[in-house]
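Written below as structure tokens is the structure these notes are about.
All chains are named by letter (A, B, ...) in the order of the sequence lines, taking the proteins before the strands, and each is independently numbered beginning at 1.
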Amino acid sequence: MSDEIFGLADCNNFYVSCERVFDPSLEERPVVVLSNNDGCVIARSNEAKAMGIPMGAPAFKYREYFQKYGITVFSSNYTLYDNMSERVMSILADSAPFIEVYSIDEAFLDFSSLKRFHMPSFCRDIREKIRSWTGIPVSIGTGRTKTLAKIANRIAKKDKSTGGIFNMERYCENDLDMILAVIDVGDIWGIGKKYAQFLRKSNINTAKDLKYTPDEWILKYLTVEGLRTTTELRGRICIPFREKRPARKQLVVSRSFGKDVTDLEEISESVSEFASRAAEKLRKEGLTASSIAVFIQTNPFRNDPQYHNISSIKLPAGTSYTPEIVQTAILLLKKIFRSGYSYKKSGVIFSEIGKTDTRQMGLFEKNKNIDRHQDLMRTIDTINTEMGKNYIRPAITLNRHRWEMKSSFRSSRYTTNWDELPSVRICHDENEK
DNA sequence: TCTGGGGTCCTAGGACCC
DNA sequence: TCTGGGGTCCTAGGACCC
């Protein structure tokens, strides 16, 4: 058994909590946040969960329900959420010897150097600090492996009596089994819908059941990933801390359109826009890509004729040069575009990604050209950073039409945009008048 | 009228080579 | 009449995560 202790700090209903920070009147009231394009529900307050709104619920089916029961609805506001996330993560980084940011609202923490009996009060301090400095409520779970810390976190979140902290490494094997016996197999990190269904059919219903299932069986039906999860349930580490963020392998920018799009020109605009965004991202991370793919698809929820296709090309050398990328993307699009369909979504996928400084030169490339291109992109990126996104961009993306996504209920970018700072309401005392 | 977006890993099967 | 076997690489598809 390892001496290591993994912590998992997870923000409660993160997007909803971000919105509440800037509108405290929403506390204890049902709130939901919608996905891009106001498509479906991706975050729910506890009150909204209690009212039976499922994760991923299509917004249009619940519109009346939202109104009838006074549920507050927000479009997603990633500018705000990213910024709030950074604040939470920096507090966590100061609180533990090592943190691994796992997603926008979660981080694993290395608590191995801490004395076991200090854990509860230590976690409580972190939780309170984050709450009072950022306004975001977090739950913290700890355990001997990441998988156990995930379960502990779940308990901390679900069971009010824990006060948002649950330290699983404090329990002996027997007690641990009793805890695992009430965890549904589908609630284990790494066991998704399909596997959960399959496991239940095989009469493996709880985390404890899975823990005591033989390796060979797991390996046969759940592959090595499933075996890793099971081994972690037994308290042996299979998923260690990631010291460094692993190098990116692909980069995708895609969106559903606000309205269906039928003609090539409009789709070209969207593809150019996404290609240009993706190129920007590459440069920001000091990367280049040498494989580019473009895909388009119709709306699978409709009864219309369906079509989806993808086309990709390998470039002679890695690039992050917007004009080249946009041009290539349009070429690819033209290869797969068929008229007569109503398109709902397009996207650009970069792969074979490498670092700009170790990039291999194409056989017929001239050094001078590359330098000129890099200078130009650097200049444009700098201008866009200072003057605002999209100040300079490819002409083809200038028209913004039907494909623009919907975002009808977006809150302000309170923390990152001068024009959208929260308005300060000064309340005068009656006596002062 | 209206159903998100961005990632990773693993496996099976085909192509190809010797 | 007889028609190998093993290795590698690539891709598509399926599973998972948030």
Side-chain angles (χ1 to χ4, degrees), chain A residues 8 10-11 13-15 32-43 53-66 73-78 81-82 85 100-108 146-147 150 153-154 185-199 218-229 238-239 242 245-260 274 277-278 281 285 291 293 295 297-304 308-312 314 342 344-353 402 405-409:
Chain A
L8 177 69
D10 190 330
C11 302
N13 317 324
F14 182 55
Y15 299 165
V32 298
V33 178
L34 306 182
S35 64
N36 273 334
N37 228 6
D38 294 340
C40 49
V41 174
I42 52 168
I53 299 165
M55 184 69 172
F60 75 91
K61 282 191 185 166
Y62 281 82
R63 179 156 300 175
E64 276 177 33
Y65 191 87
F66 292 153
V73 179
F74 288 96
S75 302
S76 37
N77 182 349
Y78 287 103
Y81 309 151
D82 282 338
S85 172
E100 175 194 323
V101 177
Y102 178 66
S103 74
I104 192 165
D105 68 337
E106 288 175 61
F108 287 106
K146 279 186 175 174
T147 305
K150 272 273 188 186
N153 187 283
R154 196 188 158 75
V185 78
D187 292 333
I188 302 167
W189 185 47
I191 304 297
K193 229 175 165 174
K194 284 277 163 65
Y195 283 168
Q197 228 171 31
F198 171 77
L199 287 168
I218 307 268
L219 198 55
K220 185 169 171 197
Y221 296 109
L222 267 58
T223 81
V224 295
E225 300 263 30
L227 186 55
R228 249 173 234 149
T229 297
C238 286
I239 311 169
R242 283 187 326 208
R245 228 194 159 67
R248 184 196 270 288
K249 293 184 173 157
Q250 65 168 32
L251 195 161
V252 179
V253 176
S254 77
R255 291 282 180 284
S256 295
F257 306 139
K259 294 212 169 100
D260 285 0
F274 303 156
R277 279 268 161 279
K281 268 198 195 175
E285 298 178 24
S291 175
F295 70 87
Q297 65 183 54
T298 49
N299 187 343
F301 293 102
R302 294 263 287 260
N303 272 332
D304 302 345
H308 59 96
N309 208 343
I310 181 165
S311 172
S312 65
K314 228 169 162 166
S342 286
K344 181 61 182 167
K345 185 176 181 177
S346 73
V348 175
I349 305 172
F350 292 169
S351 46
E352 292 181 48
I353 286 175
R402 313 162 57 86
M405 71 176 192
K406 276 185 279 184
S407 185
S408 313
F409 320 101

Does a side-chain N or O from [X] land closer than 4.0 Å to OP1 or OP2 of [N], or not?
{"X": "A/K406", "N": "B/dG4", "answer": "no"}
{"X": "A/R228", "N": "B/dC9", "answer": "no"}
{"X": "A/S256", "N": "B/dG5", "answer": "yes"}
{"X": "A/R248", "N": "B/dG7", "answer": "yes"}
{"X": "A/S254", "N": "B/dG6", "answer": "yes"}
{"X": "A/N37", "N": "B/dT3", "answer": "no"}

Would you indicate which nucleotide in [options] comes nearest to any side-chain atom of [X]?
{"X": "A/K249", "options": "B/dT8, B/dG7, B/dT3", "value": "B/dT8"}
{"X": "A/R302", "options": "B/dC2, B/dG5, B/dG7", "value": "B/dC2"}
{"X": "A/K150", "options": "C/dC18, B/dC2, B/dG7", "value": "C/dC18"}
{"X": "A/Q250", "options": "B/dT8, B/dG6, C/dC18", "value": "B/dT8"}
{"X": "A/K345", "options": "B/dG4, B/dG5, B/dT3", "value": "B/dG5"}

Starting at atom [atom1] of [X], determine the distance to atom [atom2] of [N], rounded to an integer number of angstrom.
{"X": "A/N36", "N": "B/dT3", "atom1": "CG", "atom2": "C1'", "result": "13 Å"}
{"X": "A/Q297", "N": "B/dT3", "atom1": "CD", "atom2": "P", "result": "12 Å"}
{"X": "A/I239", "N": "B/dT8", "atom1": "CD1", "atom2": "P", "result": "16 Å"}
{"X": "A/D82", "N": "C/dC18", "atom1": "CG", "atom2": "P", "result": "18 Å"}
{"X": "A/D304", "N": "B/dT3", "atom1": "CG", "atom2": "C1'", "result": "14 Å"}
{"X": "A/N13", "N": "C/dC18", "atom1": "CG", "atom2": "C1'", "result": "14 Å"}
{"X": "A/R242", "N": "C/dC17", "atom1": "CZ", "atom2": "C1'", "result": "11 Å"}
{"X": "A/R277", "N": "B/dG6", "atom1": "CZ", "atom2": "C1'", "result": "16 Å"}

Shortest non-hydrogen contact between [X] and [Y], atoms and distance:
{"X": "A/L222", "Y": "A/Y195", "result": "O-OH, 3.8 Å"}
{"X": "A/I353", "Y": "A/L251", "result": "CD1-N, 3.9 Å"}
{"X": "A/S346", "Y": "A/F274", "result": "OG-CE1, 3.1 Å"}
{"X": "A/V185", "Y": "A/L199", "result": "CG2-CD1, 3.6 Å"}
{"X": "A/K344", "Y": "A/N37", "result": "NZ-ND2, 4.2 Å"}
{"X": "A/F409", "Y": "A/S75", "result": "N-OG, 2.7 Å"}

Of A/R255 and A/E225, whose nearest nucleotide on DNA chain B comes first from the 5' end?
A/R255
If each of A/N299 and A/V252 is mapped to the nucleotide of DNA chain B with the nearest heavy atom, which maps nearer the 5' terminus, i.e. the 5' end?
A/N299
For atom P, what is the distance between B/dT3 and C/dC18, given to the nearest Å?
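The same atom, P, in both gives a distance of 25 Å.
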Do A/L219 and A/V224 come close enough that some side-chain heavy atom pair is under 4.5 Å?
yes
Side chain to side chain, A/F66 and A/V41, heavy atoms closer than 4.5 Å
yes
Rounded to the nearest 0.5 Å, what separation is found between the CG atom of A/D38 and the OG atom of A/S408?
4.5 Å
Heavy atoms under 4.0 Å, any strand shown: does A/L222 hit a base, just sugar-phosphate, or nothing?
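Nothing: the residue A/L222, judged by heavy atoms under 4.0 Å, touches no strand.
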Aromatic ring proximity A/Y78/A/Y81, centre distance under 6.0 Å:
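Centroid separation for A/Y78 and A/Y81: below 6.0 Å.
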Note: A/E285-A/R245 ion pair, threshold 4.0 Å (strictly below)
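Answer for the salt bridge query: no.
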Let me test you: for the helix from B/dG5-C/dC18 to B/dC18-C/dG5, what is the angle between the axes at its two ends (five pairs each), rounded to 10 degrees?
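That helix gives 10° between its end axes.
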Base, backbone or nothing for each nucleotide of nucleotides 10-16 of chain C, written B, S, -, heavy atoms under 4.0 angstrom, 5' to 3'?
-----SS
